Amino acid sequence: MSKPLCVLVGAPGAGKSTVGRLLAQAYGVPFRDTDADVEAIAGKPISEIFIDEGEPHFRAMETAAVAAALAEHEGVLALGGGAVLAEDNRALLAGHTVVYLSVDLSDAASRVGLGQGRPLLNFNPRATLRFLLDQRRPLYQEVAVHTVVTDGRTPEEITAELVELLKG
Ligand SMILES: Nc1ncnc2c1ncn2[C@@H]1O[C@H](COP(=O)(O)OP(=O)(O)OP(=O)(O)O)[C@@H](O)[C@H]1O
Ligand SMILES: O=C(O)C1=C[C@@H](O)[C@@H](O)[C@H](O)C1
Ligand SMILES: [Mg+2]
């Protein structure tokens, strides 16, 4: 069975999609993002899935997308910010090279702005982020093999650290 080179987890605004693309370019491997996989299967943006079918339906699609990507993908994989909430997903991550991109409240809030395209952050993004970060920090730490702090650093600096880390 194939295995991703690296699986990125972290909160909204951690930079999983941004850094994931740069890391994949650095290695010359494909990049995959479970959020994009879910959108492709549903044929609509995640924000519309939340409106039309609700969050539980999105979470079920996400679990299927995580399982498929972990089994098929050999490049860099970014997971949705809430993928670690499901125990099934955390179990699937065992044995994978999972990197937690950590971000504090102030950097996350400035990166996501008004939360456009992120249905959980549509109302009061800063307060919601504060809650999400506190709720999920232990879950990201549980699944991660490495943690990379992203606060105050550019995506290029973070990618360079990841390349060094993955050599080891
Ligand atoms: N290290 C960084 N410094 C400054 N801005 C960043 C950094 N990383 C990402 N960004 C910016 O923050 C925003 C969110 O980044 P990105 O979409 O990669 O986050 P994400 O972790 O994939 O979030 P989500 O869980 O919502 O998919 C983007 O506008 C991106 O350009
Ligand atoms: O943090 C979350 O729960 C989410 C993050 C995004 O990546 C998407 O998966 C979706 O908007 C939910
Ligand atoms: Mg993303």
Side-chain angles (χ1 to χ4, degrees), residues 4 6-26 31-42 44-69 73 75-90 93 98-140 143-144 147-163:
C6 167
V7 183
L8 299 176
V9 300
K16 303 176 294 296
S17 302
T18 306
V19 170
R21 266 185 217 102
L22 290 175
L23 186 65
Q25 272 171 28
F31 171 66
R32 185 160 164 172
D33 193 321
T34 59
D35 281 340
D37 291 350
V38 168
E39 290 184 332
I41 288 168
K44 55 185 164 186
I46 289 170
S47 52
E48 286 183 26
I49 305 174
F50 268 64
I51 292 167
D52 296 343
E53 282 94 20
E55 182 175 350
H57 181 82
F58 167 75
R59 294 297 176 199
M61 291 192 75
E62 180 173 55
T63 294
V66 169
H73 188 62
V76 175
L77 176 65
L79 303 190
V84 296
L85 291 171
E87 199 177 343
D88 285 357
N89 295 348
R90 299 201 299 278
L93 288 169
V98 181
V99 178
Y100 166 32
L101 296 182
S102 80
V103 63
D104 68 13
L105 177 61
S106 129
D107 281 47
S110 76
R111 289 181 199 164
V112 304
L114 297 176
Q116 298 100 323
R118 292 176 169 87
L120 291 180
L121 302 181
N122 283 344
F123 175 73
N124 202 338
R126 193 181 170 90
T128 308
L129 270 174
R130 182 194 299 279
F131 167 77
L132 293 185
L133 289 169
D134 287 346
Q135 176 198 40
R136 295 175 183 178
R137 195 173 295 111
L139 303 178
Y140 296 133
V143 297
T147 298
V148 173
V149 176
T150 71
D151 307 303
R153 305 173 71 200
T154 65
E156 290 74 18
E157 287 168 343
I158 297 159
T159 303
E161 179 176 341
L162 271 164
V163 168

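Note that ligands are numbered from 1 as they come in the structure, with each ligand's atoms numbered from 1 the same way. On a predicted model such as this, the values are computed, not experimentally measured, just so you know.
- A donor and an acceptor atom, one from each side chain of Arg111 and Thr150, are located under 3.5 Å apart.
- Against a heavy-atom cut-off of under 4.0 Å, Asp35 is close to the following atoms of ligand 2: 6 (C), 7 (O), 8 (C), 9 (O).
- Of the protein's heavy atoms, Thr18 OG1, 3.6 Å lies nearest to atom 15 (O) of ligand 1.
- Judged purely by atom type and a 3.5 angstrom limit, Arg90 uses its side chain to pair as donor or acceptor with the backbone of Leu85.
- Without hydrogens or angle criteria, Thr128 side chain to Phe123 main chain gives a donor-acceptor distance under 3.5 Å.
- Side-chain atoms of Tyr140 come within 3.5 Å of backbone atoms of Ala11 as a donor-acceptor pair (strictly under, hydrogens ignored).
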Residues Tyr100, Arg137; criterion side-chain contact (heavy atoms from CB on, under 4.5 Å); working and verdict: CA-CA 9 Å; Tyr100 166 32; Arg137 195 173 295 111; 3.7 Å; yes
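- Considering backbone and side-chain N/O atoms, Ser17 comes within less than 3.5 Å of an N/O atom of ligand 1.
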Val7/Leu79 under side-chain contact (heavy atoms from CB on, under 4.5 Å): CA gap, chis, key distance, verdict: CA-CA 7 Å; Val7 183; Leu79 303 190; 3.8 Å; yes
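- If you number the atoms of ligand 2 from 1 as listed, the ones under 4.0 Å from a heavy atom of Leu120 come out as 2 (C), 3 (O).
- The ligand atoms of ligand 2 that sit less than 4.0 angstrom from a heavy atom of Gly82 are 1 (O), 2 (C), 3 (O), 4 (C).
- Annotation for ligand 2: atoms under 4.0 Å from non-hydrogen atoms of Pro119 are 11 (O).
- Proximity of Leu85 to ligand 2, defined as any heavy-atom pair under 4.0 Å, is not found for any part of the residue.
- Listed by atom number, the atoms of ligand 2 under 4.0 Å from Arg136 heavy atoms are 1 (O), 2 (C), 3 (O).
- Judged by distance alone, the side chain of Glu39 and the main-chain N or O of Ile46 form a donor-acceptor pair under 3.5 Å.
- Which parts of ligand 2 touch Pro12 is read off a 4.0 Å heavy-atom cut-off, strictly below it: atoms 1 (O).
- Where the criterion is an N or O separation shorter than 3.5 Å, residue side chain and backbone included, Gly117 fails it with respect to ligand 2.
- Distances from atom 3 (O) of ligand 2 to the heavy atoms of Arg59, Glu55, Glu39, Lys16 put Arg59 nearest.
- Under 4.0 angstrom from ligand 1, there are no non-hydrogen atoms of Leu101.
- Atom CD of Glu87 has 12 or fewer neighbouring heavy atoms from other residues, nucleotides or ligands inside a 6.0 Å radius.
- With Arg32 contributing its side chain and Asp37 its backbone, the two residues share no donor-acceptor pair below 3.5 Å.
- The closest donor-acceptor contact from the side chain of Asp107 to the backbone of Asp151 lies at 3.5 Å or more, if one exists at all.
- Closest protein heavy atom to atom 3 (N) of ligand 1: Arg153 O, 3.4 Å.
- Regarding atom 23 (O) of ligand 1, its nearest protein heavy-atom neighbour is Gly13 N, 3.2 Å.
- With ligand atoms numbered from 1 in the order given, ligand 1 contributes 25 (O) to contacts under 4.0 Å with heavy atoms of Gly81.
- Under a 4.0 angstrom heavy-atom cut-off, Gly10 registers as lying outside contact with ligand 1.
- Taken from CD in Glu156 to CG in Leu22, the straight-line distance is 5.5 Å, to the nearest 0.5 Å.
- Taking every non-hydrogen atom of Ala11 and a distance limit under 4.0 Å, the qualifying atoms of ligand 1 come out as 21 (O).
- A donor-acceptor pair is defined here as one N or O able to donate and one able to accept, closer than 3.5 Å; such a pair exists between the side chain of His73 and the backbone of Val76.
- The main-chain N or O of Thr154 is found under 3.5 Å from a side-chain atom of Glu157 such that the two form a donor-acceptor pair.
- For atom 8 (N) of ligand 1, the closest non-hydrogen atom of the protein is Gly15 CA, 3.8 Å.
- At a heavy-atom distance under 4.0 Å, only side-chain atoms of Ile158, from C-beta outward, approach ligand 1.
- Shown in contact with Gly80 at under 4.0 Å from a heavy atom are these atoms of ligand 2, numbered in order with element: 7 (O), 9 (O).
- Residue Asp35 approaches ligand 1 through these ligand atoms, each under 4.0 Å from one of its heavy atoms: 27 (O).
- If you check each of Arg111, Arg118, Lys16 against atom 17 (O) of ligand 1, the one with the closest non-hydrogen atom is Arg118.
- Residue contacts with ligand 1 for Ala78 are absent, since no atom lies close enough (heavy atoms, distance under 4.0 Å).
- Heavy atoms of Ala14 approach ligand 1 to within less than 4.0 angstrom.
- The Mg ion (ligand 3) lies under 2.8 Å from an N, O or S atom belonging to Ser17.
- Proximity to Phe58 (heavy-atom distance under 4.0 Å) selects the following atoms of ligand 2: 9 (O).
- Between the Lys16 side chain and the Gly10 main chain, a donor and an acceptor come within less than 3.5 Å of each other.
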